[in-house]
Amino acid sequence: MASNQQTRPGIGELAKDSASGRIGVVMGEVGGRVQIRPIGGGTEWDAMPDNVVAASAREELSARLAIRNGNSQVGL
């Protein structure tokens with residue numbers, strides 16, 4: 001029997017926190033919350049599992065481009 005429910009991204013996969021609109025990499029789950037780290041690194045944030053969805057290709061590209069543009073401004 002097929003499920004209509006979308007599966008939440010796993011550890012190491014790109015995800016979107018639909019509550020905040022932020023995109024990052026799933027790092028794990030602690031205390032019933034999903035921990036997500038920004039693509040460019042930094043401090044993880046906690047998201048409610050129901051708010052964590054797979055990022056679209058467009059959202060992923062936009063997030064990665066923002067990181068590249070930020071790095072180019074500081075000479076990286």
Side-chain angles (χ1 to χ4, degrees):
M1 186 159 125
S3 172
N4 289 337
Q5 271 191 327
Q6 210 176 18
T7 59
R8 187 171 64 233
I11 294 174
E13 295 181 328
L14 206 60
K16 177 180 180 180
D17 177 357
S18 61
S20 67
R22 296 171 71 188
I23 296 186
V25 179
V26 175
M27 301 306 292
E29 192 168 332
V30 175
R33 307 238 179 176
V34 178
Q35 294 183 315
I36 304 173
R37 177 171 288 159
I39 292 175
T43 305
E44 296 172 0
W45 75 91
D46 291 337
M48 296 301 294
D50 290 343
N51 295 335
V52 178
V53 297
S56 70
R58 182 181 194 145
E59 290 168 328
E60 178 179 356
L61 179 60
S62 178
R64 291 188 187 281
L65 184 58
I67 299 298
R68 291 282 288 215
N69 285 342
N71 287 344
S72 69
Q73 291 178 358
V74 294
L76 296 178

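The figures that follow rest on heavy atoms only: side chains count, while hydrogens, waters and symmetry mates do not. For clarity, every value in this text was computed on a predicted model and none was experimentally measured.
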Handout entry: Evaluation steps, side chain to side chain contact (heavy atoms under 4.5 Å, CB included), between Val34 and Arg8
Key = CA-CA 10 Å; Val34 178; Arg8 187 171 64 233; 3.7 Å; yes
Exercise for the section: Give a yes or no on whether Val53 and Val26 share a hydrophobic cluster (residues Ile, Leu, Val, Met, Phe, Trp, Tyr; joining criterion: side-chain heavy atoms under 4.5 Å apart). Expected result: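 Each belongs to a different hydrophobic cluster.
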Problem - Same apolar cluster (I L V M F W Y, side chains within < 4.5 Å links), Trp45/Ile67 - result: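 Unlinked, Trp45 and Ile67 end up in two clusters.
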Atom [atom1] of [X] and atom [atom2] of [Y]: how far apart are they, to the nearest 0.5 Å?
X: Glu44; Y: Met27; atom1: CD; atom2: CE; answer: 5.0 Å
X: Ile23; Y: Ile39; atom1: CD1; atom2: CD1; answer: 6.0 Å
X: Glu60; Y: Leu65; atom1: CD; atom2: CG; answer: 12.0 Å
X: Leu61; Y: Arg68; atom1: CG; atom2: CZ; answer: 11.5 Å

Problem - Heavy-atom closest contact (Glu59 atom, Ala54 atom, distance) - result: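 Heavy atoms of Glu59 and Ala54 come nearest at OE1-O, 4.5 Å.
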Practice task
Take Val25 and Ile36, measure what side chain to side chain contact (heavy atoms under 4.5 Å, CB included) needs, and give me the verdict at the end.
Solution key: CA-CA 5 Å; Val25 179; Ile36 304 173; 5.8 Å; no
Practice task
Examine distances only and state if a side-chain atom of Arg37 and a backbone atom of Gly24 form a donor-acceptor pair shorter than 3.5 Å.
Solution key: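 It does not hold such a pair.
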Problem - Residues Arg22, Lys16; criterion side chain to side chain contact (heavy atoms under 4.5 Å, CB included); working and verdict - result: CA-CA 6 Å; Arg22 296 171 71 188; Lys16 177 180 180 180; over 6 Å; no
Handout entry: Side-chain heavy-atom pair Pro9, Val52 within 4.5 angstrom cut-off
Key =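 The answer is yes, as the side chains (C-beta and beyond) meet within the 4.5 Å cut-off.
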